[in-house]
Amino acid sequence: MTSDILVGEDGWLFLSGGSNSVMEVYSGKMNELSWCSAWAEILNIRNSTMSEMGVKYFHVAAPEKLGVYSRHAKLDDFPDFDINNSPANQLSELISSDIDGFYINPFKYLYQQSLDMDVYHKTDTHWNFLGAYSTYQLLMSHLGLECNTEILSSNRKTGPCLMDLGSKIEGGIKENVFFFSSSENVRRVFANDLVEYKEKNSVENLAGLHVGSSVSFKNDNPLHDKRLLIFGDSFSEYRPQLLTGILAETFSEVMFVWNLNIDYSVVEEFSPDIVITEAAERFMPFTVPTDDFNLKKYVKDKLV
């Protein structure tokens, strides 16, 4: 068994180490104001820039599963664990995360939802469809727009699957999971060269090829006739089973770019009404966006 995995109660697995030192973050060893203030600064710059462009902007933090489900983790060996050390919660101290703010920290809502339903996979680091939908509800509240509740009765692919944490346990632990599938209203109309390369060579899950993936979806019967652009990571996904797919069921056109940074040339070209950035909170103490990303150049260099 890898030392990066914490085995909790009732089959719950948690990432405790790894390159992002999750337990060290929650134990307060990464409580330096520099990274937190740097995140606050870049988010405020983004909000101002988007406002000048006539675009609504929101940033969504994806809370660490260990924080939301700490009650199922066996933390006796970690006396310094403190949920207040959550990067998303620390950033809330510097940026307003109330309904009028552009910063969305779903931690409290996901915790409340988790008391009635699973919002993360037991054997994976990511939120599941219900966790993504819960976050979508918060986002739509900030936007002042109605949610598409028909998504909750949409098609789903179910079955046993070896998820990211389960695959690190000796012998592997499979979990019976379900994945959201797009409705007949939604069609993918664009995939960049990186996505096409991954699909052609059946390497969709190769971690080194995630960043730079970009797709666009059109909805022939949208609830809201608006264009939305999202820069995010594996909690959003270029495939439609998580937050990106849920948004594609709601808006007339949705474009996704896998990156923590914004490429403003993409914003100008796509001309969205709304821009969302999403980032897993475990990245925050280690990586601060600079927004100097060039998507086309990155993909070209990656595929050379």
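Since the structure is predicted, the reported quantities are computational estimates derived from the model, not experimental observations. Index from 1, following the sequence.
- Between atom CZ of residue F78 and atom OG of residue S16 there is a gap of 5.5 Å, rounded to the nearest 0.5 Å.
- A donor-acceptor contact under 3.5 angstrom links the side chains of S114 and R71, judged on distance only.
- Inter-residue side-chain proximity for F256 and L247 is flagged as unmet; no heavy-atom pair is nearer than 4.5 Å.
- From L209, atom CG reaches atom CH2 of W258 across 10.5 Å, with rounding to the nearest 0.5 Å.
- With values rounded to the nearest 0.5 angstrom, E204 atom CD is found 10.0 Å from H210 atom NE2.
- What you find for I95 and Y103 is that their closest heavy atoms are CG2-CB, 3.5 Å.
- With contacts defined as side-chain heavy-atom distances shorter than 4.5 Å, the pair F286/V25 qualifies.
- A continuous path of hydrophobic side-chain contacts links Y197 to L206 [ILVMFWY only; heavy atoms under 4.5 Å].
- Counting only distance, with no hydrogens or angles, the side chain of S154 and the backbone of I151 share a donor-acceptor pair below 3.5 Å.
- Using the six-membered ring where Trp is involved, F235 and W127 have ring planes that are perpendicular, over 60° apart on the 30 and 60° scheme.
- For the 3.5 Å distance criterion, the side chains of E64 and Y26 fail to qualify, holding no donor opposite an acceptor.
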Applying side chain to side chain contact (heavy atoms under 4.5 Å, CB included) to L228 and I230, what does each step give before you reach the verdict?
CA-CA 7 Å; L228 184 145; I230 179 167; 4.2 Å; yes
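- In this structure a side-chain-to-backbone donor-acceptor pair under 3.5 Å is missing from T244 to P240.
- Taking 4.5 Å as the limit, some side-chain heavy atom of N192 sits within range of a side-chain heavy atom of L295.
- The distance from the CG atom of N47 to the CZ atom of F102 is 4.5 Å, given to the nearest 0.5 Å.
- The aromatic rings of F129 and Y133 sit tilted, their planes meeting at an angle between 30° and 60°.
- Side-chain polar atoms of E249 and S183 form a donor-acceptor pair below 3.5 angstrom.
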Do Q113 and L130 pass the side chain to side chain contact (heavy atoms under 4.5 Å, CB included) test, and can you show the C-alpha distance, the side-chain angles, and the key distance before you say yes or no?
CA-CA 9 Å; Q113 293 284 79; L130 294 176; over 6 Å; no
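- The 12-atom threshold is exceeded at CD of E196, counting heavy atoms of other residues, nucleotides or ligands nearer than 6.0 Å.
- A 4.5 Å side-chain heavy-atom check between E281 and S86 finds at least one atom pair inside the cut-off.
- Annotation: cation-pi geometry satisfied between R227 and F270 (NZ/CZ under 6.0 angstrom from ring centroid, within 45° of ring axis).
- For the side chain to side chain contact (heavy atoms under 4.5 Å, CB included) criterion with W12, the lone passing option out of D118, L6, L165 is D118.
- At a threshold of 4.5 Å between side-chain heavy atoms, the hydrophobic network of Ile, Leu, Val, Met, Phe, Trp and Tyr places L138 and F58 in one connected group.
- A distance of 9.5 Å separates OG1 of T149 from CD of Q137, quoted to the nearest 0.5 Å.
- Using a distance-only test at 3.5 Å, with no hydrogens or angles considered, a donor-acceptor pair links the side chain of K65 to the main chain of K122.
- Inspection of the Y136 and T250 side chains reveals an N or O donor paired with an N or O acceptor under 3.5 Å.
- In terms of heavy atoms, L66 sits closest to A73 at CD1-CB, 3.8 Å.
- In this structure, the side chain of T49 engages the main chain of I45 through a donor-acceptor pair within 3.5 Å.
- Aromatic rings from H59 and W39 are positioned such that their centres are separated by under 6.0 Å.
- A donor atom on one side chain and an acceptor atom on the other are found under 3.5 Å apart for E278 and S236.
- Under a 3.5 Å cut-off, the side chain of K226 and the backbone N or O of P272 do not form any donor-acceptor pair.
- Between R46 and D291, at least one side-chain N (NZ, or NE/NH1/NH2) sits under 4.0 Å from a carboxylate O, which counts as a salt bridge.
- Closest approach of P106 to A61, counting heavy atoms only: CD-O, 2.9 Å.
- Side-chain atoms of N105 and N89 form a donor-acceptor pair, as typed in the model, at a separation below 3.5 Å.
- Looking at heavy atoms from C-beta onward, P222 lies out of side-chain contact with H224 at the 4.5 angstrom threshold.
- Annotation: the span from E253 atom CD to L229 atom CG amounts to 10.0 Å, rounded to 0.5 Å.
- For the pair R187 (side chain) and E184 (backbone), a donor-acceptor distance under 3.5 Å is absent.
- Nearest approach of M284 to P87, heavy atoms of both residues: CE-O, 3.7 Å.
- A donor-acceptor distance shorter than 3.5 angstrom exists from the side chain of Q90 to the backbone of N85, with no hydrogens or angles considered.
- Applying the 6.0 Å contact sphere to CG of N176 captures more than 12 heavy atoms from other residues, nucleotides or ligands.
- Across all non-hydrogen atoms, the minimal contact from S234 to L242 is O-CD1, 3.4 Å.
- Ionic pairing of R188 and E199 is present here: one or more N-O contacts between side-chain nitrogen and carboxylate oxygen are shorter than 4.0 angstrom.
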Can you list the steps and then say if V266 with E269 is a side chain to side chain contact (heavy atoms under 4.5 Å, CB included)?
CA-CA 5 Å; V266 174; E269 183 177 343; 5.7 Å; no
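- A distance-only check finds a donor-acceptor pair linking the side chain of S92 to the backbone of A88 [under 3.5 Å].
- Listed for the D124 side chain is a donor-acceptor partner under 3.5 Å among the backbone atoms of D164.
- A continuous path of Ile, Leu, Val, Met, Phe, Trp and Tyr side chains, each step under 4.5 Å between heavy atoms, connects Y109 with L152, placing both in one hydrophobic cluster.
- Remark: E150 CD is loosely packed, at most 12 non-hydrogen atoms of other residues, nucleotides or ligands lying under 6.0 Å away.
- Without hydrogens or angle criteria, Q241 side chain to F180 main chain gives no donor-acceptor distance under 3.5 Å.
- Judged by the 6.0 Å distance and 45° axis criteria, R156 is positioned over the aromatic ring of F178.
- Taking every heavy atom of both residues into account, S213 and V195 meet most closely at CB-CG2, 3.7 Å.
- The shortest side-chain heavy-atom distance between M50 and V267 falls under the 4.5 Å cut-off.
- Side-chain contact between Y264 and N294 is absent, with no heavy atoms from C-beta onward closer than 4.5 Å.
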Audit row: C161, K174, side chain to side chain contact (heavy atoms under 4.5 Å, CB included) steps and yes/no:
CA-CA 5 Å; C161 188; K174 288 188 176 181; over 6 Å; no
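- Looking at T277 and N261, their side chains never come closer than 4.5 Å, going by heavy atoms from C-beta outward.
- Ring centers of F14 and Y69: at least 6.0 Å apart, outside the cut-off.
- Following chains of ILVMFWY side-chain contacts shorter than 4.5 Å, one cannot reach V177 starting from I173, and the two form parts of different hydrophobic clusters.
- Note on L139: it clusters hydrophobically with V55, by side-chain heavy-atom contacts below 4.5 Å among ILVMFWY residues.
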